[in-house]
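Note sheet for the following structure.
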Amino acid sequence: MLTFHSEDTKKRQAKTELHAGELVAPFECPERVDIVIDRVRKVGLGEIRSPDAYGLDPVLAVHDRRYIEFLENACDDWAAAGFKGEPIPSIWPTRRLRDDVIPANIDGRIGYYALAAETSLCLGTFAAAQASKDIALSALDHVMRTGEPAFGLCRPPGHHAAVDQFGGYCFFNNAAIAAQHALNNGMKKVAILDIDFHHGNGTQDIFYERDDVLFLSLHGDPRDEFPYFLGFADETGRGKGEGFNVNYPLPSGTDYATWASTLDDAIQRIAAYQAEILIVSLGVDTFENDPISSFKLKSEDYIDCGRRLKALGIPTTFLLEGGYAVEEIGINTVNVLTGFEGT
Ligand SMILES: NCCCNCCCCCS
Ligand SMILES: [Zn+2]
């Protein structure tokens, strides 16, 4: 299987994450890229290719222009305001506050565009996010061109990024950008399967009223897990998107047997939808030792996961999302890919 990779994905070198009331080193660290690409090489998964540069148009097809402009300038605006630490939001347009005003003050504007406070911004974030979406687009184009599967070693991840929101370590929604690119280039029906531990709230937000993208997500029950405020089973789409959004919230402690039978239901839905292409938001924070998650999948389970996806027989693009047990992220991610290839 072909892998798309770029060292530019490591340009985001944030120093802080707000976690349990402390500023800690971010769980979503650049080393994740090195460990995955080392594993790709070690198992001989296949050729490793640099991405093409697609510019911002595919991003603007999915995200709000003012949001992109905010992201591009946020660090400079923050420094110009005389703030010393990394840009972190501290106020949001929550209940009975207005969200039709975009503050001129960066201290307010960052909250307008932020989903959550754990994701600091920093210089290099915008460049890394650009490299990450170029990887996703390159992988998608390869799959569309050849029908062969491809792996996009995306970093930062994307599935929490909504039309005009960053957070959950995400800035550009790589999977959504790739799906829209597929639809702009001849595809009629795309399925996005999000198997990251966390609900893909951003991807759901982007396609919620659409029937040309079927979005399915298996994830920790939002009653107990981030992002808490989206990802419930009763969110099934709106308008012509009704029935094209499928959430599978699962309890803490879910093991592979339960998870895999849920996956089988999602696979049947994708088959019934007759998707022409499948994009897998491949997070491996479902792993039993993940520091911020609570499922119990074991490394060998990811091989079987890949096998089950292969059985769908649809051209598939795998895009890396989460996975914070850094030592094992390579084995767990590549196990899905080798399982898919049957090697
Ligand atoms: N401070 C621990 C909670 C982390 N909240 C964000 C989780 C983002 C996962 C991305 S896959
Ligand atoms: Zn996650």
Side-chain angles (χ1 to χ4, degrees), residues 9 12 14-33 35-36 86 88-90 92 113-121 125 128-129 132 136 152-162 165-176 192-205 215-231 247-250 252 254 259 263 279-297 302 305 318-326 328-329 332-333 336:
T9 57
R12 173 176 161 79
K15 300 286 174 285
T16 58
E17 172 174 347
L18 181 59
H19 173 65
E22 294 183 294
L23 288 180
V24 302
F27 291 99
E28 200 292 291
C29 57
E31 294 73 24
R32 297 172 66 244
V33 174
I35 291 172
V36 174
E86 289 185 321
I88 296 175
S90 58
W92 285 262
Y113 286 114
L115 164 77
E118 83 285 294
T119 305
S120 306
L121 296 176
T125 294
S132 193
L153 212 178
C154 296
R155 191 259 169 186
H159 72 143
H160 294 301
Q165 277 180 353
F166 75 97
Y169 316 148
C170 301
F171 308 93
F172 293 164
N173 193 313
N174 305 311
I192 301 177
L193 173 64
D194 189 327
I195 58 174
D196 186 280
F197 171 78
H198 303 92
H199 176 247
N201 62 283
T203 315
Q204 173 171 313
D205 176 57
F215 175 65
L216 312 99
S217 178
L218 286 70
H219 49 269
D221 190 326
R223 282 177 302 178
D224 305 310
E225 301 289 351
F226 184 96
Y228 301 112
F229 303 107
L230 212 65
N247 285 329
Y248 298 94
L250 293 166
S252 295
T254 290
W259 191 88
L263 178 67
I279 296 170
V280 178
S281 274
L282 176 52
V284 289
D285 39 6
T286 46
F287 181 52
E288 60 184 343
N289 297 334
D290 195 273
I292 62 169
S293 308
S294 63
F295 285 171
K296 297 296 172 206
L297 274 64
Y302 293 103
C305 169
F318 292 91
L319 302 179
L320 184 65
E321 296 281 359
Y324 306 104
V326 176
E328 298 96 337
I329 188 173
N332 294 339
T333 302
V336 174

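Read the numbers this way: they start at 1 and go in the same order the structure lists the ligands and their atoms. Here, residue 1 is the first one in the sequence, and each next residue gets the next number. Since we're looking at a predicted model, the values are computed, not measured.
Closer than 4.0 Å to atom 4 (C) of ligand 1 lies at least one heavy atom of the protein.
The structure places OG1 of Thr119 at 7.0 Å from CZ of Phe166, a figure rounded to the nearest 0.5 Å. A distance of 6.5 Å separates CD in Glu86 from NZ in Lys15, rounded to the nearest 0.5 Å.
Atoms of ligand 1 lying under 4.0 Å from at least one heavy atom of Asp196, given by number and element, are 11 (S). Within ligand 1, the atoms closer than 4.0 Å to a non-hydrogen atom of His160 are 9 (C), 10 (C), 11 (S), numbered from 1 in the order shown. Near Gly168, meaning under 4.0 Å from any of its heavy atoms, are these atoms of ligand 1: 8 (C), 10 (C). Those atoms of ligand 1 with a heavy atom of His159 less than 4.0 angstrom away are 11 (S). Interface of Asp285 with ligand 1, defined as ligand atoms under 4.0 Å from a residue heavy atom, comprises 11 (S).
The Zn ion (ligand 2) has an N, O or S atom of Asp196 closer than 2.8 Å.
Residue nearest to atom 11 (S) of ligand 1, selected from Phe27, Tyr169, Tyr324, Phe226: Tyr324 (by heavy-atom distance).
Between Leu193 and Leu218, some side-chain heavy-atom pair lies under the 4.5 Å cut-off.
The protein heavy-atom contact nearest to atom 1 (N) of ligand 1 is His19 ND1, 2.7 Å.
Using a distance-only test at 3.5 Å, with no hydrogens or angles considered, no donor-acceptor pair links the side chain of Thr286 to the main chain of Leu297.
The only member of Ile279, Leu153, Leu282 that meets side chain to side chain contact (heavy atoms under 4.5 Å, CB included) when paired with Leu319 is Ile279.
Here the angle centred on the Zn ion (ligand 2), running from ND1 of His198 over to OD2 of Asp285, is 100°, rounded to 10°.
The aromatic rings of His198 and His160 sit perpendicular, their planes meeting at an angle over 60°, well past the 30° parallel limit.
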(request) List the steps and the verdict of side chain to side chain contact (heavy atoms under 4.5 Å, CB included) for Ser281 and Asp196. (result) CA-CA 7 Å; Ser281 274; Asp196 186 280; 5.6 Å; no

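Less than 6.0 angstrom separates the ring centroid of Tyr324 from the ring centroid of Tyr169.
A heavy-atom separation below 4.0 Å is found between Glu118 and ligand 1.
Residue-level proximity to ligand 1 for Thr119 is absent, since no heavy atom of it falls below 4.0 angstrom.
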